[in-house]
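One structure is given below, encoded as structure tokens.
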Amino acid sequence: AEACYRGTNAVPRQGSSARTLHVGVTEGDLAPRILTCGTVERARAVAASFDGGVVEREVASARGFLSLTGRCGGVPVSIVATGMGVAMMDFMLRESVAVLPAAADGGARALVVRFGTCGSIREDAAEGTIAVSSGGSTFIRRDPDAFGGGGGSPYQICSVVPADAELSAAVLRELRAELGEEAAVVEGLNVSACSFYSSQGRRDPAFDDGHEECDPVEAVRRMHPDATSMEMETFHLLDLARCARPTPHAVRATAASIIVAHRPSGRVASAASVALLESRGGAAVLRALAATPLAAPPPSPALPPA
Ligand code: R1P
């Protein structure tokens, strides 16, 4: 569909269709439980495990998003493929929230699990493992001011943003139940990066990325020994979830990532193992979403007196 602009409101809609300008969704298209991933192929592989394999609603946007809605155990669930990077996650979450009904009684408007692929930067988290970001996420970005004679560190590392504890526990439980025999499922801290290349420490002689001065992977590992998965979207999802109004439960989110490459050893997962983890792992993540109530989670137990 061609862009047909309607006003300059916070979330622009396309002409008379009321579809959001980028994700292309409108009221009724999405369920409040959303699995989000990078590729449309993964979205379709996961949608095969909707109840009866039935996609009840499908929206492909002109800007590369694909939204598929069906059911899991009778509970409506959506899968949204975003493409890659922070900007695409931003479009996905903001435009999804814009078309979902407001939350009731302090509960969640959206429960979101990113189900992506990643590299592992942890020695004992091998390729073919799934890493659940129970420990939240940090972000590493290349600082343009350090280049062109600017000076200072070429990379900046953000503080950790937490993941939703109840949703993370549900994802971990369902993944272990599904894949216990066939793949390890580990917990850890996620690291999102602004680039697949520079800030993930991939050496490219065609560009000055300041790696002689600072190895981004080593810098993250020094600061966060539990850093496990490294990819490009989870931090922004968790950051926006933290900031979604009304805080703290309007958007609750976590992530699980298939480790396709083990950076310390250079080993990579086979295509067959990635395909299996995408379809079976995705089915497990849908079940975790379906099993998690939208109602606000019970308060965490008070700390014992000091
Ligand atoms: C890079 O190859 C892409 O793969 C990962 C990264 O975060 C990045 O988006 O995730 P997806 O497989 O979900 O796209």
Side-chain angles (χ1 to χ4, degrees), residues 22-23 34-47 61 63-68 78-93 96 112-122 125 127-133 136-142 158 161 163 171 175 183 188-204 209 216-217 220 227-240 253-263 266-286 289:
H22 311 93
V23 183
I34 298 173
L35 179 156
T36 181
C37 60
T39 68
V40 297
E41 291 81 4
R42 189 175 319 132
R44 296 223 181 262
V46 176
S61 88
R63 283 181 161 90
F65 295 86
L66 176 69
S67 306
L68 304 171
S78 291
I79 300 170
V80 184
T82 60
M84 292 165 278
V86 166
M88 298 298 272
M89 181 58 79
D90 197 68
F91 284 128
M92 192 287 295
L93 195 69
S96 298
V112 185
V113 180
R114 176 174 141 77
F115 183 53
T117 61
C118 69
S120 163
I121 59 171
R122 202 171 98 187
E127 71 284 2
T129 298
I130 296 191
V132 178
S133 304
S137 180
T138 183
F139 188 66
I140 181 161
R141 62 172 179 256
R142 185 179 188 273
C158 290
V161 178
V171 168
L175 283 170
L189 175 73
N190 173 259
V191 183
S192 294
C194 67
S195 165
F196 183 78
Y197 299 102
S198 61
S199 46
Q200 294 195 35
R202 292 188 166 90
R203 305 296 159 100
D204 179 354
D209 287 317
V217 171
V220 168
T228 304
S229 49
M230 185 174 239
E231 43 79 276
M232 299 176 65
E233 297 84 10
T234 294
F235 179 85
H236 193 61
L237 170 63
L238 301 188
D239 179 27
L240 276 190
T254 191
S257 308
I258 300 167
I259 298 174
V260 297
H262 185 244
R263 300 289 304 283
R267 289 189 307 262
V268 295
S270 69
S273 115
V274 174
L276 179 137
L277 295 175
E278 284 186 327
S279 57
R280 303 250 315 265
V285 170
L286 289 183
L289 280 162

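Whatever order the structure lists ligands and atoms in, that order sets their numbers, starting from 1.
- Residue G83 has no nitrogen or oxygen atom sitting less than 3.5 Å from a nitrogen or oxygen atom of ligand 1, judged on distance alone.
- If you check which protein heavy atom lies closest to atom 14 (O) of ligand 1, you get G38 CA, 3.3 Å.
- The closest heavy-atom contact to atom 10 (O) of ligand 1, among the options M232, M84, R114, comes from R114.
- Here the rule is side chain to side chain contact (heavy atoms under 4.5 Å, CB included) with I130, and of I259, I258, V285 only I258 fits it.
- Between N190 and E231, some side-chain heavy-atom pair lies under the 4.5 Å cut-off.
- Of the possible polar contacts, none joining the R114 side chain to the L238 backbone as a donor-acceptor pair under 3.5 Å is found.
- In terms of protein heavy-atom proximity, atom 2 (O) of ligand 1 is nearest to F196 CE1, 3.7 Å.
- Remark: the S199 side chain and the R142 side chain contain no N/O donor-acceptor pair separated by less than 3.5 Å.
- Here is the list of ligand 1 atoms found below 4.0 Å of a heavy atom in R42: 11 (P), 12 (O), 13 (O).
- For atom 6 (C) of ligand 1, the nearest non-hydrogen atom of the protein is E233 OE1, 3.7 Å.
- Where the criterion is an N or O separation shorter than 3.5 Å, residue side chain and backbone included, T39 fails it with respect to ligand 1.
- Listed by number with element, the atoms of ligand 1 under 4.0 Å from a non-hydrogen atom of G116 are 13 (O).
- Between T82 and F91 the shortest side-chain heavy-atom distance does not fall below 4.5 Å.
- The cationic atom of R202 (NZ for Lys, CZ for Arg) lies less than 6.0 Å from the six-membered ring centre of F196 and within 45° of the ring axis.
- Proximity of F115 to ligand 1, defined as any heavy-atom pair under 4.0 Å, is not found for any part of the residue.
- Under the 30°/60° scheme for interplanar angles, the aromatic rings of F139 and F235 are found to lie parallel.
- In terms of protein heavy-atom proximity, atom 4 (O) of ligand 1 is closest to T117 OG1, 3.3 Å.
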